[in-house]
Amino acid sequence: MLLNDIISGKVVDSVYIIAEIGQNHQGCVETAKKMIWEAKKAGCHCVKFQKSDLPAKFTRSALDREYISDHAWGKTYGEHKEYLEFSKDQYLQLQAHCKELNVDFTASAMDERSLEFLADLNVPFIKIGSGDANNFPLLKKAANLNLPLVISTGMQTMQTVERIVQTMRESGKEDFALMHCVSSYPTDPEDCSLQLISVLRRRFPNVAIGYSGHELGVVIIQAAVLLGAPIVERHFTPDKIQKGSDHRCSLEPQELKALTTAITNFKLSSVPMSPQEIVQKLNGGEELEAALQHVESKTILPCELPCRNKLGKSIVAARNLNKGYRLQLADMAIKVSEPSGLTAEDYLDLVGKELAGNIGEDEPILGSSIIN
């Protein structure tokens, strides 16, 4: 598979293009099949979905909250997410359809149960999205699978990215890639921070550094390829004005085709190029220059905070816990919580800490919950 060769460094003159269908299928398998065909026809190597086991990903309060939005498919957030979730039988149908069309099929694992689900399907690789890039129990479990991993890094600091790489290496995992990503929908050009691709390439010279973009148009993702990203991913939709929060920052079929055609025509032997060379090659423009502005290091950007606050993972109680109890790993779970608690990367630091009060199952563990 091309992705394996890119991750291992065997192939340095090709770009692996992922069309993320995500949940833009509106909960319809036939729509998903049509989108797979359109992505294949456009020249993509892979189509990717999003797999969640809702009780494993969300707390009950997060699922039960009222969801008022023009994009809602249910009265509660749980009903909305359930409407968009495919069953195992539907996943098998889509996987078989991809096999017929000779296009890779996979999904993002949004929780540990979904990770197991995708491993059982024997997908060619598993994606770990930005919302779980600091979920180290999930990352460790994924690292122990005999499957390549592609890990997005939106909403994370450089310190967290370094810890991701350390976690992979400690598990003996070599077949993984990192994706520069900004979790803002759509991402303004000045927030794209494309030069982080170069920063990450220098910091982790033996790791493939790709790009998962949420900006409008295709010029910025072309620039990512010219900076040296051998794996690129964009959301894909039949129509940007459809109901659903991801459609606006997705590419329509003609845009996806324009992207794959441009990449095919690039002389990848001359990649990576300097920002100045890229601006000249792609005929410049203020947006491209803004996306290529100098950046020192990876931080959590202000534009990412709405997504981090909504979908970032928190540490919650896995069972009812009493005041004075000292936490053990089995007492904690990592979920999207409403309200949010301590962030997922604090998981190991809480072992042995004493609780200041009672905490119910599925309730978030807060800083005030702990006696230091």
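Two residues are said to be in side-chain contact when any heavy atoms from C-beta on lie closer than 4.5 Å; Q26 and Q242 meet this criterion. When side chains are defined from C-beta on, Q293 does not count as touching Q195, because their heavy atoms never get closer than 4.5 Å. Counting heavy atoms from C-beta on, the side chains of I18 and V232 never come closer than 4.5 Å. E287 places none of its side-chain heavy atoms less than 4.5 Å from the side chain of V219. Between I128 and S152, every side-chain heavy-atom pair lies at or beyond the 4.5 Å cut-off.
Using a cutoff of 4.0 Å between basic side-chain nitrogens and carboxylate oxygens, R234 and E255 are not scored as salt-bridged. Under the 4.0 Å criterion applied to side-chain N and carboxylate O atoms, E116 and R113 are not assigned as salt-bridge partners. Between K140 and E170 there is no salt bridge, since no side-chain nitrogen of the basic residue lies less than 4.0 Å from a carboxylate oxygen of the acidic one. Using a 4.0 Å cut-off between charged side-chain N and carboxylate O, K335 and D111 make no salt bridge.
No side-chain donor-acceptor contact under 3.5 Å links H180 to the backbone of I197. For T299 (side chain) and L301 (main-chain N/O), no donor-acceptor pair under 3.5 Å exists by modelled atom type. With E304 contributing its side chain and S183 its backbone, the two residues share a donor-acceptor pair below 3.5 Å. Under the 3.5 Å distance criterion, the side-chain polar atoms of T59 are left unmatched by any main-chain donor or acceptor of S337. When atom types are taken as modelled, the side chain of R201 and the backbone of G228 share a donor-acceptor pair closer than 3.5 angstrom. The backbone N or O of V182 sits less than 3.5 Å from a side-chain atom of H214, completing a donor-acceptor pair. Side-chain N or O atoms of T264 include one that pairs as donor or acceptor with a backbone N or O of T260 at under 3.5 Å. Side chain of D346 to main chain of L342: no donor-acceptor pair is present (N/O by atom type, distance under 3.5 Å, no hydrogens or angles). Counting only distance, with no hydrogens or angles, the side chain of Q280 and the backbone of E277 share no donor-acceptor pair below 3.5 Å. Checked by atom type and distance alone, the side chain of S171 never pairs as donor or acceptor with a backbone atom of K173 at under 3.5 Å.
The heavy-atom pair separating E345 from T160 by the smallest distance is OE2-OG1, 4.4 Å. Between Y347 and L329, the shortest heavy-atom contact is OH-O, 3.2 Å. Considering every non-hydrogen atom in both V295 and S193, the closest pair reads CG1-O, 4.5 Å. Residues P137 and E112 approach most closely at CB-OE2, 3.8 Å, considering heavy atoms. Minimum interatomic distance between L292 and V279 (heavy atoms only, all atoms of both residues): CD1-CG2, 3.8 Å. Taking every heavy atom of both residues into account, A142 and L115 meet most closely at N-CD2, 3.6 Å.
For the residue pair E20 / Q50, a side-chain donor-acceptor distance below 3.5 Å is found, with atom types taken as modelled. A donor and an acceptor atom, one from each side chain of K298 and T157, are nowhere located under 3.5 Å apart. T237 and H247 are linked by a side-chain donor-acceptor pair at a separation below 3.5 angstrom, with hydrogens and angles left out of the test. Residues H294 and E296 bring a donor and an acceptor atom of their side chains to less than 3.5 Å of each other. Side-chain contact check for D64 and Y77: no donor-acceptor pair (N or O, by modelled atom type) lies under 3.5 Å.
Shown here is K99, whose NZ atom has no more than 12 heavy atoms of other residues, nucleotides or ligands within 6.0 Å.
For the pair K51 and F117, the cation-pi criterion (under 6.0 Å, within 45° of the ring axis) is fulfilled. Cation-pi check for R319 over Y325 is met; the charged atom lies under 6.0 angstrom from the ring centroid and within 45 degrees of its normal. Both the sub-6.0 Å distance and the 45° axial angle are satisfied by R163 relative to the ring of F136.
Taking CD1 of I263 as the reference point, atom SG of C44 lies at 8.5 Å (rounded to 0.5 Å). In this structure, OH on Y67 lies 11.5 Å from CH2 on W73, to the nearest 0.5 angstrom. Separating the OG1 atom in T31 from the CD atom in E38 is a distance of 12.0 Å, to the nearest 0.5 Å. To the nearest 0.5 Å, atom SG of residue C98 and atom CD of residue Q93 are 12.0 Å apart. The CG atom of N146 lies 7.5 Å from the CG atom of D175; values are rounded to the nearest 0.5 Å. A distance of 10.0 Å separates NZ of K127 from SG of C46, quoted to the nearest 0.5 Å.
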Would you please test W37 and V103 for side chain to side chain contact (heavy atoms under 4.5 Å, CB included) and show each step?
-> CA-CA 9 Å; W37 165 241; V103 61; over 6 Å; no
K313 and T343: side chain to side chain contact (heavy atoms under 4.5 Å, CB included), yes or no, with the steps?
-> CA-CA 6 Å; K313 295 287 183 74; T343 58; over 6 Å; no
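L348 and V161 fall into different hydrophobic clusters, where Ile, Leu, Val, Met, Phe, Trp and Tyr side chains are chained together by heavy-atom contacts under 4.5 Å. At a threshold of 4.5 Å between side-chain heavy atoms, the hydrophobic network of Ile, Leu, Val, Met, Phe, Trp and Tyr places V207 and L2 in two separate groups.
If you look at F86 and H25, their ring centroids are closer than 6.0 Å.
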